[in-house]
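What follows is a single structure, written as structure tokens, with notes after it.
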There are 2 protein chains.
Amino acid sequence: MKTIVKVVNGLESKEKMIISEIKTLIDSKNLEPGEKLPSERLLAEKIGVTRGSIRNAIQKLESYGLLKSMPQSGTFISNLGRAALNGMIDQILNLPEPDFKSLVETRIFLEINSVRFAAIRHSAEDLERIEQALEDYRTKTLSGNESVEEDLLFHLAIAQASHNPSLNQLMLSITPQIITDFEKYHVCKSDMALSAIKEHEVIVEAIRTRNPDQAELMIKEHFSVLYQYCYKTKKQIIKEGNN
Amino acid sequence: MKTIVKVVNGLESKEKMIISEIKTLIDSKNLEPGEKLPSERLLAEKIGVTRGSIRNAIQKLESYGLLKSMPQSGTFISNLGRAALNGMIDQILNLPEPDFKSLVETRIFLEINSVRFAAIRHSAEDLERIEQALEDYRTKTLSGNESVEEDLLFHLAIAQASHNPSLNQLMLSITPQIITDFEKYHVCKSDMALSAIKEHEVIVEAIRTRNPDQAELMIKEHFSVLYQYCYKTKKQIIKEGNN
DNA sequence: GATGTAAATCTGGTTAACCAGTCTATTCTA
DNA sequence: TAGAATAGACTGGTTAACCAGATTTACATC
């Protein structure tokens, strides 16, 4: 027999259920910030699932900073109070699956900030890496090959030059997913590759001259197709939001 | 005997080593996108660690969309080519630990976009939630209590109203960590709570009247203290970046 | 030789026993 | 009675055996 498990925003339904149970348990026991959660074994028994499932759920909540497991001691509730905890868990459980459009939209403003910070803060070494990435992209494109990878690496080099590790990490998590979806959605036409070289060049120039405003403008230009792609659907979302 | 394991940006040194080994293995075997990785058991033996460690490393790479494990079948390399794969793994391994300032800086532009989208797209239900969050914050503050939690929930309500699940998720991951660090760094003075109510009110007003520009202005105003906090250090980073 | 089939092997995922510290309750001592 | 010592239960983490399904292999059949 084959059991199909639905996976939404990285949470399968079982995990959701467990997280929800943990939440009600924290509520019913009036556990305060810093207090200890019941042991994994106890939770497993009480909720009626295996200990492994409990561990997964705890790990998920830990990744949001809501819990903290201490080896050989216990799992503790973070400093956030119960109100924040409840609110956050509710939002996590109800978070819709990130769709392609929201990813693209998010990527755009991440890129904008990325390139701005890069223009302001890049080191000589950063610039060298960016120019190398541009060169790789150029040669690959001019030789008529696919250059999606080199494009990705170019943008990631800029993110690295932003000297904002947090932003850099967000770019690293979001961009690859978009890239792999690109072909599927046919957003990018192949004849755009040549003009994209020029666009990349002016972006690098803006970074080199430490002109964040110009850099922002050029990256917006570079993403104009994606931008329109978002905007087209934005109206629709507005309409939906109005009812 | 107690072995201390250094943890940097969520990757302990052992995990880093394993990821690095996997990378060189993919390189040396000339594995193409879509091809299958050697089995976990084989990797474990070859690298000389336990299978559990291998699983952790794979899971990490999976979270970045570089690998994809299929039950009872194998772990596959994503559609990204080897160049992108190598570049991304390098960046992941060298990613500096996100410091408080970079988190704050990132939060600010996440909030800016969040409030802009909320102003454009919020539903009646969203607005209701935001106003409720504001009310909770007001009563808690006016009664002289700590209201950090209610502040957090207010901002998360706005993120939810942005109707961008991707952005919403980033906000959920980044904000709590900042909140818990707040007291440590003494960024927020307690006498600001009262004026913060007013600031929250004008933000809500801008959202209600669907004025994204005004909303952005008001949220910037709201974060001006944090903004200065960032700016003060930005100069320093620029200087560092110039050498 | 091509093809369908069954058995053996190999896969990632799961489970339960085990481990090394931590915490607690009891006992022993001054 | 107060405090230190200790034994035992309890903690999250780790390991190795196990599972069910996928995949490959070998073989019988035509």
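The chains referred to below are lettered A, B, ... by the order of the sequence lines, with proteins before strands, and numbering in each begins at 1.
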Mutual orientation of the aromatic rings belonging to B/His222 and B/His155 [parallel < 30°, tilted 30-60°, perpendicular > 60°]:
parallel
Between C/dC19 (P) and A/Arg51 (CZ): distance, integer Å
14 Å
Quick one: is B/Arg55 getting a side-chain N or O under 4.0 Å of the C/dG13 phosphate, OP1 or OP2?
yes
Between CD of B/Gln59 and P of D/dT14 the distance, given in whole Å, is 13 Å
Just by distance, do the side chain of B/Ser73 and the backbone of B/Met70 share a donor-acceptor pair under 3.5 Å?
no
Set of side-chain contact (heavy atoms from CB on, under 4.5 Å) partners for A/Glu149, sequence neighbours left out:
B/Ala83, B/Ala84
Output the residues of residues 66-75 of chain A in contact with DNA chain C, where contact means a heavy atom of the residue under 4.0 Å from an atom of the strand; sort by number or write none.
A/Gln72, A/Ser73
Using side-chain heavy atoms (C-beta onward) and a distance below 4.5 Å, is B/Leu25 in contact with B/Leu43?
yes
Salt bridge or not for A/Asp90 and A/Lys23, using N-O below 4.0 Å?
yes
Round to a whole Å and report the spacing from CD of A/Glu15 to C1' of C/dG13.
15 Å
Backbone N or O of B/Gly74 within a donor-acceptor pair of the B/Lys36 side chain at under 3.5 Å?
no
For residues 36-44 of chain A, which residues have at least one heavy atom under 4.0 Å from DNA chain D?
A/Ser39, A/Glu40, A/Arg41
Do B/Gln160 and B/Asn168 have a side chain donor and acceptor closer than 3.5 Å?
no
Cationic N near anionic O, under 4.0 Å, B/Glu32 to B/Arg82:
yes
Does C/dT14 have OP1 or OP2 sitting under 4.0 Å from an N or O in the side chain of A/Thr50?
no
Nearest-Å distance for atom pair CG/C1', residues B/Asn56 and C/dG12:
14 Å
